[in-house]
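Here the structure comes first, spelled out in structure tokens, and everything after it is commentary.
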Amino acid sequence: MADKATIVEEQIALLESRGMKIEDKDKAKENLLDIGYYRLGFYWFPFEKTYPRKVRRNHKFIDNTQLDYAIKLYYFDFDLRNIFLRYISRIEVNFRTTIIYHVSNTYKENPYWYVDSSVIGKEMIASSDYQKVLSDLSKESVLRLDKKEHYKRDFPPAWKALEYMSFGTIIKLYDSLKNPHLRCDISKVYGMNSPSQFSNYINTVRKLRNYCAHGKVLFDLNLNEAIGNGPLGNLGNRKVMLSGMYMVFKYFLNKISTNRVKEMQADLLRAFDRIPYQIVKTIIFNNSGFTIEEI
């Protein structure tokens, strides 16, 4: 299967030969042509007899496995990504605003502090990635107009420029601030005294944002780098699981808006309620570390 392309009828026949129950062939064709055999494979993998083994798999399904189990798990994952992205954007905007406000008011006479090596580490400013970010600023129509109106300055002020920088770049600017007291002041806005702990937490949110934006499978996410200790304490096994990322994400959102946390929790509970199969819910809980009580 892995070495030769197959038509959808062959894919259905293969799944059935491995023990999967497919009652509606037309709907199965629609799903396979819409989502794809390979991508759906991540969602029927937990229903294989040899799961979670990733080598020497026999690809046989446990008794009475339905294709609809994988479909419902896929759409739950889809809902999860959309819900997370909606609320992570609130954190991203808030953090950008916090950086602009605190740093710009610390250096009131220097609105271009983001390109000043007395404020930001030279390594950051000189890096090819950051130089590309600065170059891309000049391509933004609003900033081109700003340049035209203020032709004597090389860069727009920080409160304009940072609006066009990515979440990851804003975090790097924070990490590169040379004033340790300023980094502490910013981390305290979010209830943390340690800039290093804050950086670990905010980068956890960034990773979750990127996973969601790029369509990564979430329900069985396993982080390569564990979440560090912080205000939530030692997360145990969850520090490499989706539920650990969610707890950090919810921590930040709660610092910004308790109402948004309540909305997000309601959205998540509705997503769980849309799953009609207990076996699928059990797989989600076991793999993600989620519990309904802790959402």
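Numbers here are sequence positions counted from 1.
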May I have the list of side-chain donor-acceptor pairs in residues 210-220 shorter than 3.5 Å, sequence neighbours left out?
residue : atom : partner : partner atom : Å
His214  : ND1  : Asn210  : O            : 2.9

For the residue pair [X] and [Y], what are the closest heavy atoms and their distance?
X	Y	value
Pro195	Asn193	CD-O, 3.4 Å
Ile227	Tyr201	CG2-CE1, 4.2 Å
Leu208	Met245	N-CE, 3.4 Å

Do NZ/NE/NH1/NH2 and the carboxylate oxygens of [X] and [Y] come within less than 4.0 Å?
X	Y	answer
Glu48	Arg57	yes
Glu225	Lys207	yes
Lys25	Glu9	no

Expected output: side-chain Arg96 to main-chain Met165 donor-acceptor under 3.5 Å: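 Side chain of Arg96 to backbone of Met165: a pair is present.
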
ring-ring contact (aromatic ring centres under 6.0 Å, His included) partners of Tyr51, counting only residues at least two apart: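 For Tyr51 the ring-ring contact (aromatic ring centres under 6.0 Å, His included) partners, ignoring immediate neighbours, are Phe45.
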
Distance flag, aromatic centroids of Phe95 and Phe198, threshold under 6.0 Å: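 Yes, ring centres under 6.0 Å apart.
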
Distance flag, aromatic centroids of Phe155 and Tyr112, threshold under 6.0 Å: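 No, too far apart.
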
Ring geometry between Tyr69 and Phe47 (parallel below 30°, tilted from 30 to 60°, perpendicular above 60°):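 The arrangement is tilted - the two ring planes meet at 30° to 60°.
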
Could you verify whether a donor N or O on one side chain and an acceptor N or O on the other, from [X] and [Y], lie under 3.5 Å apart?
X	Y	result
Asp68	Tyr277	yes
Ser104	Trp113	yes
Asp267	Tyr87	yes

Check: Leu85 and Arg209 side chains under 4.5 Å, non-hydrogen atoms: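 Sidechains of Leu85 and Arg209: in contact.
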
same_hphob_cluster(Leu33, Ile71) at 4.5 Å side-chain heavy-atom cutoff: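 Result: yes, single cluster for both.
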
Show every side-chain hydrogen bond (donor to acceptor under 3.5 Å, both in side chains) that has at least one partner inside [range], sequence neighbours left out.
range	answer
residues 172-191	Asn94-Tyr190, Thr98-Tyr190, Asp175-Ser199
residues 233-247	Arg238-Glu294
residues 126-135	Lys132-Asp136

Candidate pair Asp116 and Ser118, rule side-chain hydrogen bond (donor to acceptor under 3.5 Å, both in side chains), full reasoning: CA-CA 5 Å; Asp116 189 334; Ser118 69; 2.8 Å; yes

Glu23 atom CD, over 12 foreign heavy atoms within 6.0 Å: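 No, CD of Glu23 has 12 or fewer neighbouring heavy atoms, counting only those of other groups under 6.0 Å.
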
Pairs meeting criterion ring pair (Phe, Tyr, Trp, His ring centres under 6.0 Å) with involvement of residues 254-273, two or more places apart: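 Of all non-adjacent pairs touching residues 254-273, those that pass ring pair (Phe, Tyr, Trp, His ring centres under 6.0 Å) are Phe76-Phe272, Phe272-Phe285.
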
